[in-house]
Amino acid sequence: MARLLKSERLKSRDRIQEIFSGNSERVGKYPLLLFYTKSDEASASSFQVLFSVSKRNFPRAVDRNTMKRRMREAFRANKTALNDLLPLNNQLALAVIYTGKELSSVDSLSNTFSKLYEILAQRLSEIN
RNA sequence: GGGACGAAUCGGUCUAUCGCCAGGAAAACAUCCUGGAGGAAAGUCCGGGCAACGCAGGGCAAUGCACCCUGAGAAAAUCAGGGGAUUAAAGUUGUAAAGCUUUAAGACAGCAAGUGUAGCAGAAAAUAACCGCCUCGUUUCGGGGUAAGGGUGAAAAUGUGGAGUAAGAGACCACGGGUUUAGACGGUAACGUUUAAAUGGUACAAACCUUGCAUGUUGAAAGACCAAGUAAACCUUAGUUAUGGAGUUGCCCGCUCCUUGCUUCGGCAACUAAGGAGGGUAGGUUGAUUGAUCCAUGGGGCGACCCCUGGACCAGAUAAAUGAUAGACAUUCAAACCUUGUGUUUGGAUACAGAACCCGGCUUACAGAUUUGUCCCUUUU
RNA sequence: UGCCCUGUGGUGUAACUGGAAACAUGUGAGAUUUCGACUCUCGUGACACGGGUUCGACUCCUGUCAGGGCAA
C-alpha cells in the first residue's frame, strides 16, 4: 500500500499563499474542490498536498478533524494513480477543500478522487 | 420492585490488515522497539506560574470583590466545617403584631450618612384629613380637632389591652415585637442565652453613592538564540530651539533625562506632528512538557487537606499526529420464534465532545452503568 | 490561540439612568380609477433564550445561544 510521507505534505507558507491568491488552476467534483499550481523546482517528491475543511460548514472541531482524516485516508489510497499521471521534474502543489455540509464515508471520497484524477489528467495533457 | 429529582464515581473491550506523530536503536522518509486526547481537552468566567515593557514618592480617578467566624490552600468570584439574618414551602403557637420547628435557596456590607426614584389608583407615597368621628359657626355650606373605623394601592407610619378624651392618638402605662448601646454567663470565634438603658425610623444601593479590602500594563502571534538582511534612511508641509523638549500605567503634583545650538544670516542641525513614496522579515532552534505531577502502603484530621516512606515518567503536534476498513464481544431497546430460558435470531442505539505554553478552580454539555439521599406508587410479611 | 463587541415586527432604526413598545418601509383588506401608479382609511406583525433583583424589567445583574470584529 502507498504511504503518505511528511515531505509530501504542503507546509510552506509561500506556496499556500500562491495557491489561494487566485492564480491557481481549479478542478471540482462535489463534495471536493482541488486547487493546484505547478513549479519547475525539483524536489524529493513530485507533489505536495494539504487538506482543509471550512469552519462554516463544520462548526465543531471533532467533525473537522474526522473529515480531514478521511480525506487523507482516501487520498492515500489513490496515491499511485496520481503518481502515474504526473510528469517528472515537475512539482505540483495541491490544496483539497471539502465543500460538502455533511459527513462522507471514505469509500465515496475515494471514488470522488479517482474521478477528479481523470479530469486532472485531461487538463494536464491539454497544457502540454 | 418501579418512577421522579439531587449528589458522587466511571464513562466501552479485543483481534486482523493498512496508515499518522514523537522518542530510542551510531545515521536514514528502510527495519525493529516503546508511547500517543478529556472529565469536561469546551466556555474563556476567576486565580497563579512564566515573559516583555514600565516603576523615587504622593494624591485623584478607574476597575473588581465583600453576610460573619474557624480552618485548608500558592492564590482565587476556590474548598471544608460551623454561626446569623432574609426569602419560599409545609406544620404549629398566638386576639393580633409576630414567634417556633423542618426542608430548600442564594451575587445576604451600609437606606439609623447624603442625594434621588416610587407610574396608574388613592385625600395623602413620606413636612399624611377623601369618607367617617368630635366640635364651633352665618347649617344643601364653611372653620378647627382627630390616624380608632372605611376605601385605594406592591407599600399607608410598632401589635394587643388599659387608662384617658368632646372625639381621638406612643401623647401616657403594661405586655409583645423591631433597632442601638452596655453588662453577666457559655463558646477558640462568628454567635447564643439573659439583664438593663435609650429609641420611633416605608421600600429600592443587581439607583447614584458611602465604608472596607485588592489591583502597573500586555499576553506564548509574550520572549530568547542562530541564519539572512538592515534604514537611527528619503521627500513635502507645519511647529519649536529654551518661559523648551522627552520620559514618567488614565490624569495631576512631583521627579528624572536631554539641551543651554552653529552660521558666510541664504540656511544648516536637532526634536515633534501630519502626509507621501518605497523597502525588509514571517526559515530554524528554544520557550514546551519533571510538575503546587501521578500511584501505593502507613499515619493525623468530622472534613477540606496534610505528613512519612517507596515507586513511576504518563501526548507534545505546529497549514497542526493520536486514524481507516473488516470482524467479534459487552451494555441496552424493539420485533419475531418456541424449547418460556436473564434462550435464539434479525434490526437499531452506544453520549457530550478533540490537547495548541502549563497548573488550580468555577460554569455549561453528556448515551449508559454503579453507589447514595429525599419524595411518590405498588407488592409481601 | 488570545482579546473585544452586538442581539427589538419580514427589513432598517427608536424608546434620555425601570411604569408595558414608537417610526419608516414591507405586507393584508377597503376606498379612489375604465385598469394601474400615487394618495387616503383600517389592520397585521417584535424585545435571542433561561434565571435573578424589584410592587413592576427591552432597560439593572447573571448564565447560555447566535452573529460579528481585532491581533505578526
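In what follows, chains carry the letters A, B, and so on, assigned in the order in which the sequence lines appear, proteins first and then strands, with residues in each chain numbered from 1.
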**Prompt:** How far does the P atom of C:G50 sit from the matching atom of C:U32, given to the nearest Å?
**Reply:** 48 Å
**Message:** Closest-nucleotide mapping onto RNA chain B: is A:Val106 or A:Val62 further toward the 5' terminus? I mean the 5' end.
**Reply:** A:Val106
**Message:** Counting only Watson-Crick pairs (N1-N3 plus N6-O4 or O6-N4) and G-U wobbles (N1-O2, O6-N3), all under 3.5 Å, who is the partner of B:G94?
**Reply:** none
**Complete:** Checking B:C18, B:G354, B:A319 against the side chain of A:Asn65 (C-beta onward), the nearest is B:G354
**Request:** Check the chi torsion on B:C314 and let me know: syn if it falls within 90° of 0, anti if not.
**Result:** syn
**Prompt:** Is there side-chain contact between A:Glu73 and A:Leu109, with heavy atoms separated by less than 4.5 Å?
**Reply:** no
**Fill in**
Rounded to whole Å, CZ of A:Arg69 lies from C1' of B:A317 at a distance of 12 Å
**Request:** Using heavy atoms to find the nearest nucleotide of RNA chain B for A:Arg72 and A:Asp107 separately, return the residue whose nucleotide is more 5′.
**Result:** A:Arg72
**Message:** Strictly below 4.0 Å, N to O, side chains only: are A:Lys115 and A:Glu118 in salt-bridge contact?
**Reply:** no
**Syn-anti status, with the boundary at 90° from 0, for the nucleotide B:G39** = syn
**Item:** P spacing across the pair B:G19 / B:U332, given as an integer number of angstrom
**Value:** 39 Å
**Prompt:** When rounded to the nearest Å, what value does the distance between P atoms of B:U331 and B:U342 take?
**Reply:** 15 Å
**Request:** May I ask which nucleotide in the shown strands pairs with B:A72, Watson-Crick or G-U wobble, both distances under 3.5 Å?
**Result:** B:U78
**Message:** At less than 4.0 Å, is any side-chain N or O atom of A:Arg70 found next to OP1 or OP2 of B:G323? Yes or no.
**Reply:** no
**Prompt:** Which value, in whole Å, describes the distance between the P atoms of nucleotides B:G300 and B:C45?
**Reply:** 45 Å
**Message:** Taking any heavy-atom pair under 4.0 Å as a contact, classify A:Arg64: base, sugar-phosphate, or nothing.
**Reply:** nothing
**Request:** Nearest whole angstrom, please: distance from the P of B:G19 to the CD of A:Glu73.
**Result:** 10 Å
**Fill in**
chi for B:A76 classified (syn = within 90 degrees of 0, anti otherwise) as anti
**Prompt:** In terms of base orientation, is B:G161 syn or anti, with the syn window spanning 90° either side of 0?
**Reply:** anti
**Message:** Can you check the distance between C:G12 and B:U210, where both ends of the measurement are the C1' atom (answer in whole Å)?
**Reply:** 45 Å
**Asked** Whom does B:A7 pair with, Watson-Crick or G-U wobble, provided both distances fall under 3.5 Å?
**Response** B:U371
